[in-house]
Amino acid sequence: MPDAPASPPERSPLKVLLTFDIEVWCKRWRDLDNGFPRAFQRYVYGKHRGANYALPKTLEIMEKHAIRGVFFVEPLFATRFGIEPLAEIVELIRAAGQEVQMHMHPEWVNEARPALFEVTRKIPNMSALSRADQSLLIASGIQLLKEAGVEHVSAFRAGGFESNRDTLLALADNGIIYDSSLNMHCRNTGMGLTPSERTSRSQPIGPIMEFPLSVFRNAAGKLRHFQIGSCSLSELTWGLRAAHQAGWHYFNVLSHNFETLIVKTSRPDHVVIGRFDGFCRHLSQHRDIYPTINFSHGPFETEPAGLPEIVAPAWANAHRFLEQVYRKGWEVVGGRLFPY
């Protein structure tokens, strides 16, 4: 009697890193002191008609579905405006039971009072600095977050994903062991790394464990990263299935504290809010396959070389285009949509 065919091996769960870059930006670099209070309220709270639709809404949705996340908080603005606003952000996140790590935009360096080091111009990204200066900024960020209530920083993400090898060395100088600055959708990410290091594979690079942002190719072949504010719910849930079937170990998704708001306003973007709620619901319903993790769950395994790219089907891309039409209120069949 012939042997029964072997059952296909069960795939391991796909660990999901739901990551948020938490930033505050004023409209212009001029007149910062007058503009910051309003900017802080918009970017952090997004108050509209008595409800908060920015960071508190994100935390509320995650709590409803019991989802873990990682909140990369930018601390350098506190060198200009003091530790209290930074501590307020940290308390919101920690009170919701979520993890705080460090994000960094060195554009704030020449606004610091007192100066962190001598500089007379805007610094656009971390990779524009030497290893020594990057290490100094990272040390300053760790201290600011500590003063704001963060006991330990173990992970980092560079602003604009513009990191280089010196960034990783500077992180190691300061005892940070995880990085999530690589994004292969961005041209200037991971400068100075070798081709085998500059990939979307989670792996050690020197002393640092790197967790790149997860990317896919759309139906036209263009590389895109998975982001709550710029992918349809169909693309996000399809991406989870495709990555799991392809044998990926990690799925690293991006969002920001302000993605639930209509651009340049504090009005809620109900399309993005509904999308995020739907994505969290999907993760919650399938948490045995897609467990959400943070950096306290280490140590982590290296993904094998040669994992396949995933290519989104046209129907998933089409859902995004339809949502964009709806969100922007474009003219459709001689009329205008006003969803808000």
Side-chain angles (χ1 to χ4, degrees), residues 13-24 40-75 85-103 145 148-155 157 178 180 211 213-214 226-233 236-237 239-240 250-262 266-298:
L14 175 67
K15 301 178 182 69
V16 178
L17 281 161
L18 188 52
T19 64
F20 302 84
D21 292 356
I22 309 302
E23 312 164 356
V24 179
F40 183 85
Q41 287 300 315
R42 175 185 181 264
Y43 277 85
V44 177
Y45 290 99
K47 186 177 289 295
H48 181 73
R49 296 180 179 175
N52 296 316
Y53 288 99
L55 181 56
K57 176 58 71 174
T58 295
L59 294 168
E60 173 192 319
I61 291 170
M62 295 176 73
E63 182 177 12
K64 179 174 71 172
H65 296 291
I67 296 298
R68 295 187 181 96
V70 179
F71 290 75
F72 290 99
V73 177
E74 207 297 312
L86 179 61
E88 191 170 335
I89 293 172
V90 168
E91 178 57 26
L92 283 171
I93 297 167
R94 295 189 66 193
Q98 299 294 350
E99 183 177 80
V100 177
Q101 298 292 352
M102 184 161 60
H103 188 40
L145 287 169
V150 181
E151 296 175 4
H152 179 63
V153 175
S154 62
R157 176 174 286 159
Y178 304 121
S180 186
F211 290 87
L213 209 63
S214 295
F226 286 101
Q227 182 171 348
I228 300 299
S230 59
C231 291
S232 67
L233 179 58
L236 292 165
T237 56
L240 287 170
Y250 305 101
F251 192 81
N252 190 349
V253 187
L254 172 67
S255 190
H256 292 81
N257 46 304
F258 48 84
E259 287 188 23
T260 49
L261 305 177
I262 296 174
S266 292
R267 293 160 56 202
D269 187 329
H270 292 295
V271 171
V272 174
I273 292 171
R275 178 190 302 159
F276 183 58
D277 184 75
F279 186 59
C280 288
R281 181 183 301 110
H282 186 80
L283 291 172
S284 178
Q285 291 171 343
H286 303 282
R287 63 176 71 248
D288 56 328
I289 306 173
Y290 311 126
T292 53
I293 64 168
N294 56 37
F295 289 102
S296 69
H297 290 89

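Note that the numbering runs from 1 along the sequence shown for the chain. Here the structure is a predicted model, which means the values were calculated and not measured.
Side chains of Lys64 and Asp277 form a contact here, defined as non-hydrogen atoms less than 4.5 Å apart. Side-chain contact between Leu261 and Tyr43 is absent, with no heavy-atom pair separated by less than 4.5 Å. Put simply, the side chain of Arg267 does not reach to within 4.5 Å of the side chain of Tyr53, judged on heavy atoms. Side-chain atoms of Phe279 and Leu233, non-hydrogen and from C-beta on, do get closer than 4.5 Å to each other. Residues Leu240 and Leu283 are in side-chain contact: their nearest non-hydrogen atoms beyond the backbone lie under 4.5 Å apart. Gln101 is listed as a side-chain neighbour of Val153, based on a closest heavy-atom distance under 4.5 Å.
Counting non-hydrogen atoms of other residues, nucleotides and ligands closer than 6.0 Å to CD of Glu88 gives a total above 12.
Between His286 and Tyr290, the ring planes lie perpendicular to each other; the angle is over 60°, past the 30° to 60° tilted range. Taking the six-membered ring where the residue is Trp, Phe71 and Phe20 present parallel rings, their angle staying beneath 30° rather than reaching 60°.
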Practice task
Take Met62 and Thr292 through the side chain to side chain contact (heavy atoms under 4.5 Å, CB included) test and state the conclusion after the steps.
Solution key: CA-CA 11 Å; Met62 295 176 73; Thr292 53; over 6 Å; no
Problem - Stepwise side chain to side chain contact (heavy atoms under 4.5 Å, CB included) check, His256 with Gln227 - result: CA-CA 9 Å; His256 292 81; Gln227 182 171 348; 3.7 Å; yes
Problem - Pair Leu17-Ile293, side chain to side chain contact (heavy atoms under 4.5 Å, CB included): steps then yes or no - result: CA-CA 6 Å; Leu17 281 161; Ile293 64 168; 3.9 Å; yes
Handout entry: Steps toward side chain to side chain contact (heavy atoms under 4.5 Å, CB included) verdict (Lys15, His297)
Key = CA-CA 10 Å; Lys15 301 178 182 69; His297 290 89; over 6 Å; no
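Put simply, OG1 on Thr58 and CD on Glu259 are 8.5 Å apart, with the number rounded to the nearest 0.5 Å. The CD atom of Glu74 sits 11.0 Å away from the CG atom of Asn257 when rounded to the nearest 0.5 Å. Between the OH atom of Tyr45 and the CG atom of Leu55 there is a distance of 8.0 Å, given to the nearest 0.5 Å. Expressed to the nearest 0.5 Å, how far CD1 of Ile67 lies from CG of Leu59 amounts to 13.0 Å. In this structure, Asp269 CG and Thr260 OG1 are separated by 8.0 Å, a value rounded to the nearest 0.5 Å. Distance check: Leu236 CG to Phe276 CZ gives 10.5 Å after rounding to the nearest 0.5 Å.
For His103 (side chain) and Arg157 (main-chain N/O), a donor-acceptor pair under 3.5 Å exists by modelled atom type. The backbone N or O of Phe211 lies less than 3.5 Å from a partner atom in the side chain of Asn252, making a donor-acceptor pair. Using a distance-only test at 3.5 Å, with no hydrogens or angles considered, a donor-acceptor pair links the side chain of Glu99 to the main chain of Phe295. In terms of modelled atom types and a separation under 3.5 Å, the side chain of Arg287 and the main chain of Ala66 share a donor-acceptor contact. Ser266 places no side-chain N or O within 3.5 Å of a backbone atom of His48 that could act as its donor or acceptor partner. For Arg275 (side chain) and Cys231 (main-chain N/O), a donor-acceptor pair under 3.5 Å exists by modelled atom type.
Residue Gly46 comes nearest to Ala54 through the heavy atom pair N-CB, 3.7 Å, listed as atom of the first residue, atom of the second, then distance. The shortest heavy-atom contact between Asn294 and Gly69 is CB-O, 3.9 Å. Val73 and Pro75 make their closest contact through O-CD, 3.2 Å (heavy atoms, listed as atom of the first residue, atom of the second, distance). Shown here for Gly298 and Tyr178, the closest heavy-atom pair between the two residues is CA-OH, 3.8 Å. For the residue pair Val44 and Pro56, the shortest heavy atom distance occurs at O-CD, 3.1 Å. Among all heavy-atom pairs drawn from Pro291 and Pro13, the shortest one is CD-CB, 3.7 Å.
Side-chain N/O atoms of Ser284 and Arg281 include no donor and acceptor closer than 3.5 Å.
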